[in-house]
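As structure tokens, the structure follows; a few thoughts come after it.
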Amino acid sequence: MANTFIMNFFTLRFPCSVLILILTVAVFSCNTSFAQPGRNGGQPSTAKGKIYGKVIDASSGKSLEYVVLQLFQKSTADSSLRKLITGALSESNGDFNLVGVPTGEKLVLTASMVGFTPLETEVFLNGSGGIPEKDVGNLRLEISAMMNTVEIIDSTPDFRMEFDKRIYDVSKNPANAGGTAEDVLRNIPSVQVDMDGNVSMRNNSPQIFIDGRPTTLTIDQVPADDILRVEVITNPSARYDASGGGGGIINIVMKHNKAFGYNGNVRVGVDKRGKINSGFNINVREKKINFFLNGNVNQRKNISTGTTTRHNFGETETLLQQSQQNINNGLMMNGKFGLDWFMD
């Protein structure tokens, strides 16, 4: 009877012990999860706050637009490691607003922009009461020392393509100094100039314009030093005379100095045969009136040699050998003056 009672006791008590053990472990686990301290030893909050401020130039005090703002969280194991939380760009007035910022932790706010030294600052957002906010004030970015030596230079390309023409800037080519328009056109693609100075384009003879108007001058009478650019028009529009045919139009645009006051230049050169190339430009500009005067002197000396050998067979055998040398001396003088009136 006693043995039966003892067995019944353990039979009834064992399931209750297991149930008590399971409940104890569950309660301990719940207490452990709620009592776990935060990274900084405090109680972390699930609330998310926001950080706002303004980015300005430290030297001028002006607002900076498109500055990159980033908010990082430091690693507890290694302070050099960071985790990106959120980021934003500053607006046109320099204001920025970062939302979804965790509270109760030390964070690092960085501001960076090309040409400025990056800025870092530590922020801490307290999570007590309502939606936490923090105004970090004005973030002042210093101009980087590298920007003090930057120089921006704008220049016109030597070649550019427009809707109805190709434009070649020949004023920057030092090889054209002391020559004529004939030398300039030889260096332009799709334009051929033969030994006699005849110009052809697409196997046809184009019209030669100067400053957009037909001219009776030949290309060896136009000094290269006075040429600003050459416009090659393969398919002339309705604004030009239809007599250009299939050869198109070559428009030579001359230099016109538009600087105010008095200015000018003198050029002197000599070739390997002792011939002189010289010229001068004078401009007087006052308000809307511009007077210009220029002149050029171009000497040339061409030397050509030839040999002729002729052997005649017959009753009388003859042998003729002839040598010749041709020397051509040329002189070209050109002068131009005019008056420009700039209406507007």
| request: Test side-chain contact (heavy atoms from CB on, under 4.5 Å) on V232 and R166 and set out the steps. | output: CA-CA 5 Å; V232 178; R166 301 192 304 271; 3.6 Å; yes
| Derivation of the side-chain contact (heavy atoms from CB on, under 4.5 Å) call for I289 and L339 | CA-CA 7 Å; I289 302 299; L339 189 68; 3.6 Å; yes
| field | CA sep, side-chain torsions, deciding dist, call: N294, F292, side-chain contact (heavy atoms from CB on, under 4.5 Å) | value | CA-CA 7 Å; N294 57 59; F292 60 91; 4.3 Å; yes
| field | Full working for side-chain contact (heavy atoms from CB on, under 4.5 Å) between L141 and D57 | value | CA-CA 5 Å; L141 295 185; D57 188 346; over 6 Å; no
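Crowding of M161 atom CE: a count of heavy atoms from other residues, nucleotides or ligands under 6.0 Å exceeding 12. Atom CG of N203 sits in a sparse spot, with 12 or fewer heavy atoms from other residues, nucleotides or ligands closer than 6.0 Å. Applying the 6.0 Å contact sphere to NZ of K275 captures more than 12 heavy atoms from other residues, nucleotides or ligands. More than 12 heavy atoms of other shown residues, nucleotides or ligands fall within 6.0 angstrom of atom CZ in F291.
Contact of the Y66 side chain with the S92 side chain is not registered, since no non-hydrogen atoms from C-beta on lie closer than 4.5 Å. Proximity of L69 to T110: side-chain heavy atoms (C-beta onward) are nowhere separated by under 4.5 Å. Looking at heavy atoms from C-beta onward, I227 lies out of side-chain contact with V253 at the 4.5 angstrom threshold. Using a 4.5 Å heavy-atom threshold, the side chains of I250 and L185 count as touching. Looking at heavy atoms from C-beta onward, T103 lies out of side-chain contact with K48 at the 4.5 angstrom threshold. Side-chain atoms of W341 and N290, non-hydrogen and from C-beta on, never get closer than 4.5 Å to each other. Using a 4.5 Å heavy-atom cutoff, the side chains of E142 and S59 are not in contact. Residues V199 and V191 meet the side-chain proximity criterion, which asks for heavy atoms closer than 4.5 Å.
Interatomic distance, D169 CG to L228 CG, rounded to the nearest 0.5 Å: 6.0 Å. K50 contributes atom NZ, which lies 4.0 Å from atom CD of E133 (distance to the nearest 0.5 angstrom). Rounded to the nearest 0.5 Å, atoms CG (L293) and CG (N283) are 9.0 Å apart. In this structure, the separation between CG on N138 and NZ on K54 is 6.5 Å, given to the nearest 0.5 Å. Note: N326 CG to Q324 CD = 5.5 Å, rounded to the nearest 0.5 Å. Remark: S205 OG to Q207 CD distance equals 10.5 Å, nearest 0.5 Å.
Hydrophobic cluster membership differs between V99 and L89, with clusters built from Ile, Leu, Val, Met, Phe, Trp and Tyr side chains linked at under 4.5 angstrom. A continuous path of Ile, Leu, Val, Met, Phe, Trp and Tyr side chains, each step under 4.5 Å between heavy atoms, connects L71 with L119, placing both in one hydrophobic cluster. Hydrophobic clustering (ILVMFWY, side-chain heavy atoms < 4.5 Å, transitive): I51 and V108 are in distinct clusters. Under the 4.5 Å side-chain heavy-atom criterion for ILVMFWY residues, no single connected hydrophobic cluster contains both L331 and I276. Under the 4.5 Å side-chain heavy-atom criterion for grouping Ile, Leu, Val, Met, Phe, Trp and Tyr, V297 is not connected to V268 through any hydrophobic cluster.
The only option from L98, N97, V136 that meets the side chain to side chain contact (heavy atoms under 4.5 Å, CB included) definition with Y52 turns out to be N97.
Screening residues 172-191 for ring pair (Phe, Tyr, Trp, His ring centres under 6.0 Å), with sequence neighbours left out, gives no hits. Annotation: side chain to side chain donor-acceptor pair (under 3.5 Å) contacts involving residues 297-309, sequence neighbours excluded, are absent.
Among residues two or more places apart in sequence or in another chain, the ring pair (Phe, Tyr, Trp, His ring centres under 6.0 Å) test is passed with F313 by H311. For F72, the ring pair (Phe, Tyr, Trp, His ring centres under 6.0 Å) test picks out no residue, with sequence neighbours left out. Annotation: salt bridge (Lys or Arg N to Asp or Glu O under 4.0 Å) contacts of R267 (sequence neighbours excluded): D225. For F280, there are no ring pair (Phe, Tyr, Trp, His ring centres under 6.0 Å) partners at least two apart in sequence or on another chain.
Of all heavy-atom pairs spanning A111 and L139, the tightest one is CB-CD1, 4.3 Å. Shortest non-hydrogen contact noted between M201 and I233 is CE-O, 4.3 Å. The two atoms that bring I85 and G100 nearest to each other are CG2-O, 4.2 Å, heavy atoms only. Closest heavy-atom contact between S200 and P206: CA-CD, 3.9 Å. For the residue pair N126 and P132, the shortest heavy atom distance occurs at O-CB, 3.0 Å. Here the closest non-hydrogen pair linking G104 and F124 is C-CE1, 3.4 Å.
In this structure, the side chain of D194 engages the main chain of N198 through a donor-acceptor pair within 3.5 Å. Panel note: side chain D135, backbone G137; a donor-acceptor pair is recorded below 3.5 Å. N312 contributes no side-chain N or O that, together with a main-chain N or O of L319, makes up a donor-acceptor pair within less than 3.5 Å. Between the side chain of S90 and the backbone N or O of F96 there is no donor-acceptor pair closer than 3.5 Å. In this structure, N334 contributes its side chain and Q221 its backbone to a donor-acceptor pair below 3.5 Å. Side chain of S63 to backbone of N93: a donor-acceptor contact under 3.5 angstrom is found.
By the 4.0 Å N-to-carboxylate-O rule, E122 lies too far from K106 to be salt-bridged with it.
Inspection of the D226 and N296 side chains reveals an N or O donor paired with an N or O acceptor under 3.5 Å.
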